[in-house]
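For reference, the structure discussed in these notes is given below.
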Number of protein chains: 2
Amino acid sequence: MTFKTFIADYATAVEDICREYFNQNRERIKIKKEAVAVKNLSIIVNSTLKLSNEKGFNAMSLRDLSADSGLSMGALYSYFASKDELLLLIQKHGQLTMKRILRDELEKCGTVRDKLHAMVKTHLYLSEAMQYWFYFLFMETKNFSRESRTFSIDSELLTEGMIIDILKEGIDQDIFPVIDTRLTASVIKAMMQDWYLKRWKYKRRNISVDEYADYLISFIETYLRRQT
Amino acid sequence: MTFKTFIADYATAVEDICREYFNQNRERIKIKKEAVAVKNLSIIVNSTLKLSNEKGFNAMSLRDLSADSGLSMGALYSYFASKDELLLLIQKHGQLTMKRILRDELEKCGTVRDKLHAMVKTHLYLSEAMQYWFYFLFMETKNFSRESRTFSIDSELLTEGMIIDILKEGIDQDIFPVIDTRLTASVIKAMMQDWYLKRWKYKRRNISVDEYADYLISFIETYLRRQT
DNA sequence: GTCTATAGTGCGATAGAC
DNA sequence: GTCTATCGCACTATAGAC
């Protein structure tokens, strides 16, 4: 798997998320034609992510969003009931999609080593393809409601849990040395997150997501090599 | 060095930063008595950091700050000219203090291995002692002015540069294997940053900063062990 | 040196024309 | 389904009393 093959499979992810949101909230949304709604929702979401990445969701006014999306203030409110609901749409549906993709990719794997590679690559590819989305989720969590914050924390722990399971499986099979799986999973997650938290740095240095993935995998494998 | 010995040396860091700010802006600040000014500035800074960590600097109103600090709106404006200036005070003076402490601690070291250990420990201890400050600087960068953002980026690259220098020195002395120093420094930084970005996680698990530091050092050393 | 009261601004949200 | 015009509110910042 390379980034190019990955992106071909998930090019319509944003549109899919918007369609799902539309279908789940049909009664409340004033627009009735699916094609129109999904198109405009995608524009709204993309504009919101762009503007929020620049100056934060709180600092982004709906007037900014109106100007950037090309929709009027009134039109925006046909798609969501409040600014908070827009935040929720992006958080909830974004996170669900990411979890689903990550799980799907992992299920294709046979060996422990395959799983570890798929975990690192899929996470990095996802955060590359949905860069704004990942950055948004990380930076804006504190603006969420109590319930949403819990959801966000669970999401972090879920990914970490998946890494822990892979490490444990490897230790059981005598492939990896005996290590602190929770701390190791934690720092692996931190290294993967750096890709989208410091995107500007890697861009400036012309490091591609595939190069970063290869480096990370070799770094982790060196640590997990059993001392003979 | 443990966290306990470290904190004893730098207990007055916040107060020192406020005193420095006061002395550099004597003409503009309406309060004239140093003792009063430094005391209230410390309260203001601590309240700002606390509130910003909860909901972000933008979402924190000066009414919130007034309530939390116990100073009236009018009194607050005796210490700074605008909300933006308050942001600048925290950013600029905080960053300078951190750089200074980091450099001081590294200069005490003799061997390459000592330097690497001091780097990890000092960075973690600093981010533990000034947790709110570090989190603030990371999360609020997008609210900074253009010039301030550059300053912030330089600060990130400076720390990374210090790690690169240590790695290069180790490679030259045949202590470390030949590796990509820039990428390695980058992921080491990412792992150190995780300590303050996910403070809630480590707190929940009762992992102390000394335990995290020891784990990180052993992780890095395993990677840097020359294969025989 | 600190307070209260308030001016002026820009926000989120909505009503009603088209 | 989208627009423009506008309301009420909360914000930053300041003026003037104590």
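Here is how names work: the chains are called A, B, and so on, in the same order as the sequence lines, proteins then strands, and each is numbered from 1. Keep in mind that the numbers below use all heavy atoms, side chains included, and drop hydrogens, waters and symmetry copies.
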When rounded to the nearest 0.5 Å, the distance separating OG of B:Ser148 from CG of B:Leu137 is 10.5 Å
Query raised in the report: Taking 4.0 angstrom as the limit, do A:Glu156 and B:Lys201 come out as a salt bridge?
Result: yes
For this session: Decide, yes or no, whether a salt bridge links B:Glu85 with B:Arg28 under the criterion of side-chain N to carboxylate O below 4.0 Å.
Result: yes
Got a salt bridge between B:Glu15 and B:Arg19, using NZ or NE/NH1/NH2 to carboxylate O under 4.0 Å?
yes
### Message
Please determine whether a side-chain nitrogen of the Lys or Arg among B:Arg205 and A:Glu160 lies less than 4.0 Å from a carboxylate oxygen of the Asp or Glu.
### Response
yes
Considering only NZ, NE, NH1 and NH2 on the basic side and carboxylate oxygens on the acidic side, decide whether B:Arg26 and B:Glu34 come within less than 4.0 Å.
yes
- A:Phe219 ring center near B:Phe219 ring center (under 6.0 Å): yes
For this session: Flag the pair B:Asp64 and B:Lys55 as a salt bridge only when some basic side-chain nitrogen lies within less than 4.0 angstrom of an acidic carboxylate oxygen.
Result: yes
Under 3.5 Å, which protein N or O atoms sit close to an N or O of nucleotides 3-10 of chain D? Give each pair with its distance.
from	atom 1	to	atom 2	distance (Å)
D:dC3	OP2	A:Ser72	N	2.8
D:dC3	OP2	A:Ser72	OG	2.9

### Message
Taking only side-chain N and O atoms of B:Tyr77, does any of them lie within less than 4.0 angstrom of OP1 or OP2 on D:dT14?
### Response
no
Could you tell me if A:Lys121 sits above the aromatic ring of A:Phe3, with its cationic atom closer than 6.0 Å to the ring centre and no more than 45 degrees from the axis?
no
Between B:Phe138 and B:Phe134, is the ring centroid distance below 6.0 Å?
no
Under a 4.0 Å heavy-atom cutoff, the residues of residues 20-58 of chain B touching DNA chain D are none
Contact check, residues 78-92 of chain B vs DNA chain C, heavy-atom distance under 4.0 Å, returns B:Ser78, B:Tyr79
